[in-house]
Amino acid sequence: MIFHILTIFPSFFEGPLKYGVVSKAMESGLIDIRVHNLRDWTTDRHSIVDDRPFGGGEGMVLKVEPVYKAIQSILPQRFHPSEEGNHGNTRVVLLSAQGRRFQQQEARSLLQYDQVLLICGRYEGVDERITDHLVDDELSIGDFVLSGGELPAAVVVDSVARLVPGVLGNVASSQFESFSDLDENGAPLLDCPHYTRPADFNGWLVPDVLLAGNHAEIKRWRAAQALAKRQKNRPDLTGGTNERG
Ligand code: SAM
C-alpha cells in the first residue's frame, strides 16, 4: 500500500513516521510512504501556494492550482480513468477540521485502496474547489483546530499502516484492541487494562486473577474490565454522555 502525503512541510514527517511499527513496515516493503512538497508544483519565483481570500477576511487560503497539478502528477490515473471509470483504486483525502470524523472504521476502509493521497491543509483553510473537485473525502481527527494537516496525516498513516496484513508481528494484536470489535448492541468495545512485572510496585498490586493462571477467568475478567473502562471514560460510545463528574 502506498501513502502519498502532500505538504508544504515535508521534513515534518522525518520524525513521526520514523519509529516503531510504521518504520518497520516501510523497511519490510509492506507500505511505502512518499512525502511530496507542494511547492514543487508552483511556477513562480517564490513558490507561493497561498493567496488572500475572495470576499475579504482573515488569513490566507491554500491555492487550487498547485494541488491540482500535484494530484495530476502523483496519481495521473485519476485524470485518465480506465474504461470502467475507476480511478485505479486510489483515494484522495483532505485533512480538515470540517471533515467527517476519522475513526477506526475509516482506517479499516482505507485499507482497500492501493494508493492513498493525503492533502495537508494550512493557513485559514483551502480553496473549496479542492474539496469540490479534487478529493474523495474530508477527514477530521477530532473536534479541535490544529495549525496544519501534517499531524492528522501522520495519525491517519499510522492507524491504517498497523492494519495492513503482516505489519503487526502478532495478527491478534489488531484483532483485540480498542475499536476492533462491537458489543451485542453494536457499540465499539475498548481494550482491557494491561499489567506487567513487578506484580507489586509501591504496594500497587496486579489483580490476583491475572497471576492465578485460570485462562477462562482471565478472559472473563478482561471483558468485564473493558466494559467498565468504556462506561467510565467513553459512555458516549453506548449513547451516554462523557462529561466527567
Ligand atoms: N479555518 C479552519 C476551520 O476553522 O475549520 C481551520 C484551518 S487550520 C488552521 C489549517 C489546516 O489544518 C486545515 O486546512 C486542515 O488541513 C488542518 N486541520 C486542522 N484541524 C484539523 C483536524 N481536527 N483534523 C484534520 N485536519 C485539521
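Bear in mind that the values here come from a model prediction, so they are computed numbers and not experimental data. Numbers here simply count residues along the sequence, with the first being 1. In each ligand, atom 1 is the first atom listed, and ligand 1 is the first ligand listed.
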Participant: Got a salt bridge between E106 and R100, using NZ or NE/NH1/NH2 to carboxylate O under 4.0 Å?
Facilitator: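 Salt bridge: yes.
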Participant: Would you kindly say whether R101 and S140 are connected by a side-chain donor-acceptor distance under 3.5 Å?
Facilitator: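 Judged by distance alone, the side chains do not pair up.
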Participant: Could you list which atoms of ligand 1 come closer than 4.0 Å to a heavy atom of Y123?
Facilitator: 7 (C), 8 (S), 9 (C), 10 (C)
Participant: Show me which atoms of ligand 1 lie under 4.0 Å from any heavy atom of G149.
Facilitator: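 Reading through ligand 1 atom by atom, the close ones are 12 (O), 16 (O), 17 (C).
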Participant: Quick check: does C120 get an N/O under 3.5 Å from an N/O on ligand 1?
Facilitator: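 No; the residue has no nitrogen or oxygen that sits under 3.5 Å from a nitrogen or oxygen of the ligand.
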Participant: Are any of the N/O atoms on G142, whether in the backbone or the side chain, positioned under 3.5 angstrom from an N/O atom of ligand 1?
Facilitator: yes
Participant: Is L139 in contact with ligand 1, taking contact as a heavy-atom separation below 4.0 Å?
Facilitator: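 The answer is yes: ligand 1 sits under 4.0 Å from a heavy atom of L139.
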Participant: From N37 CG over to I8 CD1, what is the distance, rounded to the nearest 0.5 angstrom?
Facilitator: 8.5 Å
Participant: Does the distance from a Lys or Arg side-chain N to an Asp or Glu carboxylate O, for R122 and E150, drop under 4.0 Å?
Facilitator: yes
Participant: For ligand 1, which atoms, with element, lie under 4.0 Å from some heavy atom of Q98?
Facilitator: 2 (C), 3 (C), 5 (O)
Participant: If you measure from CG on L117 to CD1 on I74, what distance do you get to the nearest 0.5 Å?
Facilitator: 5.5 Å
Participant: Give yes if a backbone or side-chain nitrogen or oxygen of G121 is under 3.5 Å from a nitrogen or oxygen of ligand 1, and no if not.
Facilitator: yes
Participant: Check K63 with D127, please: is the shortest side-chain N to carboxylate O separation under 4.0 Å?
Facilitator: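 No, D127 and K63 are not salt-bridged.
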Participant: Tell me which one of L151, V156, L95 gets a heavy atom nearest to atom 15 (C) of ligand 1.
Facilitator: L95
Participant: Which atoms of ligand 1 are found less than 4.0 Å from any heavy atom of E124?
Facilitator: 1 (N), 2 (C), 6 (C), 7 (C)
Participant: Does a salt bridge link D114 with R91, judged by any charged N lying under 4.0 Å from a carboxylate O?
Facilitator: no
Participant: In terms of residue, atom name and distance, what is the protein heavy atom nearest to atom 18 (N) of ligand 1?
Facilitator: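 Going by distance alone, atom 18 (N) of ligand 1 is nearest to G148 O, 4.0 Å.
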Participant: Heavy atom to atom 6 (C) of ligand 1, shortest distance: which of L94, L146, V145 holds it?
Facilitator: V145
Participant: Quick check on the 6.0 Å ring-centre criterion: do F79 and Y68 meet it?
Facilitator: yes
Participant: Using non-hydrogen atoms of the residue, decide whether F102 is closer than 4.0 angstrom to ligand 1.
Facilitator: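 It does not, in that no heavy atom of F102 comes within the 4.0 Å cut-off of ligand 1.
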Participant: Specify side chain, backbone, both or neither for P152, according to which of its non-hydrogen atoms lie closer than 4.0 Å to ligand 1.
Facilitator: side chain
